[in-house]
> 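One structure follows; several queries about it will come next.
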Amino acid sequence: MSVSIKSPAEIALMRESCRLLSEVFKEMSQMIEPGVTTMDINKVGERVIRSFGCVPNFLHYEGYPAAICVSVNDEVVHGIPNKHRKLKEGDIVSLDCGLIYKGYHSDAARTYAVGEITPEAQQLIDVTKQSFFEGIKKAKAGNHLYDISAAIDDYVTPYGYGIVKDLVGHGIGTSLHEDPQIPNFRQRKRGIKLEPGMTLAVEPMIAAGGWEVSWLDDDWTVVTEDGSLAAHYENTILITDGEPEILTIER
Ligand code: MF3
Ligand code: CO
């Protein structure tokens, strides 16, 4: 395993890649309402990415057929946009998107409410988002990678939620997926030591029920086995000497 340390020049490119991605999310998030199709959101996301002169990094990644992933309700991640799939009142929808700017990748995900949702669904969204922030409190130079994993686990588990184990966060830079893998649950080892200049995509995927997932026949869409709702929250971050910098956060 080799974890890349970005130079100051590379960090500047990562920052810009991630800043542009946060602009894409601003546009996509405004579309979330009953009646919009998951393909409508994909089209806007791809159009905004290309308007910046950037390339969607998910498109054609291992054969993935779209620019973004749109996962509704019990779909955890990697839902394929579909022009017949309309969002409806009460759904929760996760958007996962990334882009390439001058060779540097960004990656982020958010879960949104479609109209009015149940308090239970809102709590799942809120806890998933907060678990990211709990995790990155440990994302400091000198700490170990799995301190992040344990902090996410410690925050989420008391809610009785399932933490998805089959998919993990990752390093990111000149590739979408670099070393190291970043599990969202406690590990027996400590993992690598974190160093300034590492760029990581931390992305808890949380189910209201059990952690077990399966794949639909499209070979992409990951769903909860028990049909419970799932949420996803992801940012690309930079490890510094102090607090981590959240590169994909909306400003
Ligand atoms: N955002 C996903 C991740 O963090 C990548 C989506 S897989 C793709 O790993 F095929 F859709 F690109
Ligand atoms: Co990711």
Side-chain angles (χ1 to χ4, degrees), residues 3-4 6 14 17-18 20-22 24-25 28-29 38-39 41-43 45-46 48-50 54-72 75-82 85 93-101 104-112 128-129 131-133 135-136 139 145 148-149 152 163-185 198-207 213-223 230-239 244 246-249:
V3 179
S4 67
K6 275 72 179 179
M14 286 298 293
S17 179
C18 291
L20 292 170
L21 181 58
S22 70
V24 179
F25 269 91
M28 294 191 302
S29 65
T38 58
M39 183 60 85
I41 305 167
N42 179 74
K43 284 198 178 130
E46 180 162 3
V48 177
I49 290 169
R50 296 203 188 276
C54 296
V55 177
N57 47 4
F58 294 7
L59 184 63
H60 307 316
Y61 178 88
E62 291 183 6
Y64 187 72
I68 69 171
C69 302
V70 187
S71 308
V72 182
E75 298 170 357
V76 183
V77 288
H78 303 170
I80 300 174
N82 183 318
R85 182 79 189 265
V93 60
S94 303
L95 305 185
D96 190 349
C97 184
L99 59 80
I100 311 172
Y101 169 77
Y104 285 80
H105 290 249
S106 49
D107 187 6
R110 312 261 179 275
T111 302
Y112 302 97
T128 301
K129 178 175 181 179
S131 75
F132 165 86
F133 288 97
I136 68 157
L145 181 68
I148 301 173
S149 310
I152 293 170
I163 301 174
V164 174
K165 295 181 168 34
D166 298 79
L167 299 131
V168 296
H170 50 94
I172 180 168
T174 52
S175 305
L176 172 58
H177 295 139
E178 296 186 353
D179 288 337
Q181 296 197 47
I182 312 173
N184 297 302
F185 50 97
M198 290 180 174
T199 47
L200 308 174
V202 177
E203 49 177 318
M205 289 156 268
I206 309 295
V213 297
S214 46
W215 275 257
L216 296 186
D217 281 337
D218 63 20
D219 284 335
W220 280 105
T221 313
V222 179
V223 296
H232 186 197
Y233 188 81
E234 174 180 26
N235 285 301
T236 299
I237 69 166
L238 169 70
I239 304 299
I246 308 176
L247 303 178
T248 45
I249 206 81

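First listed ligand is number 1; within each ligand, the first listed atom is number 1.
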> Going by atom types only, do T236 and D107 share a side-chain donor-acceptor pair under 3.5 Å?
no
> So which of the N, O or S atoms of E203 lies nearest the Co ion (ligand 2)?
OE2
> So which of V70, D166, V222, V164 actually passes side-chain contact (heavy atoms from CB on, under 4.5 Å) with V77?
V222
> Which residue and atom name correspond to the protein heavy atom nearest atom 4 (O) of ligand 1, and how close is it?
E203 OE2, 2.6 Å
> What pair of heavy atoms forms the shortest contact from C54 to L99, and how long is it?
SG-CD1, 4.0 Å
> Could you report the tightest heavy-atom contact between L59 and E46, atom names first, then the distance?
CD2-OE2, 4.0 Å
> Under 2.8 Å from the Co ion (ligand 2), is there an N/O/S atom belonging to H170?
yes
> If you have a sec, work out which protein heavy atom is nearest atom 6 (C) of ligand 1 and how many Å separate them, to one decimal?
H78 NE2, 3.6 Å
> Find the distance between CD1 (I80) and OH (Y64) and round it off to the nearest 0.5 Å.
5.5 Å
> Determine which of the N, O or S atoms in E234 is closest to the Co ion (ligand 2) and give its atom name.
OE2
> Using distance alone, decide if ligand 1 has a nitrogen or oxygen within less than 3.5 Å of any nitrogen or oxygen in Y61.
no
> Need the ligand 1 atom indices (1-based, order shown) with element for anything under 4.0 Å from a heavy-atom of D96.
1 (N), 2 (C)
> Tell me yes or no: between the side chains of S94 and S71, is some donor less than 3.5 Å from an acceptor?
no
> Under 3.5 Å, is there a donor-acceptor pair between the side chain of N235 and the main chain of A108?
no
> Should you measure from each heavy atom of W220, which atoms of ligand 1 turn up under 4.0 Å away?
10 (F)
> Do the ring planes of F133 and Y233 sit parallel (below 30°), tilted (30 to 60°) or perpendicular (above 60°)?
tilted
> Under 4.0 Å from a heavy atom of H170: give me the atoms of ligand 1 that qualify, with their elements.
3 (C), 4 (O), 9 (O)
> When you measure from the side chain of N57 to the backbone of I100, do you find a donor-acceptor pair of N or O atoms at a distance under 3.5 Å?
no
> Nearest protein heavy-atom contact for atom 11 (F) of ligand 1: which residue, which atom, what distance?
C69 SG, 3.3 Å
> Distance to 0.1 Å, residue and atom name: give those for the protein heavy atom nearest to atom 9 (O) of ligand 1.
H177 NE2, 2.5 Å
> State whether D107 contributes an N/O/S atom found under 2.8 Å from the Co ion (ligand 2).
yes
> Using heavy atoms and a threshold below 4.0 Å, how should the contact between F58 and ligand 1 be classified: side chain, backbone, both, or neither?
both
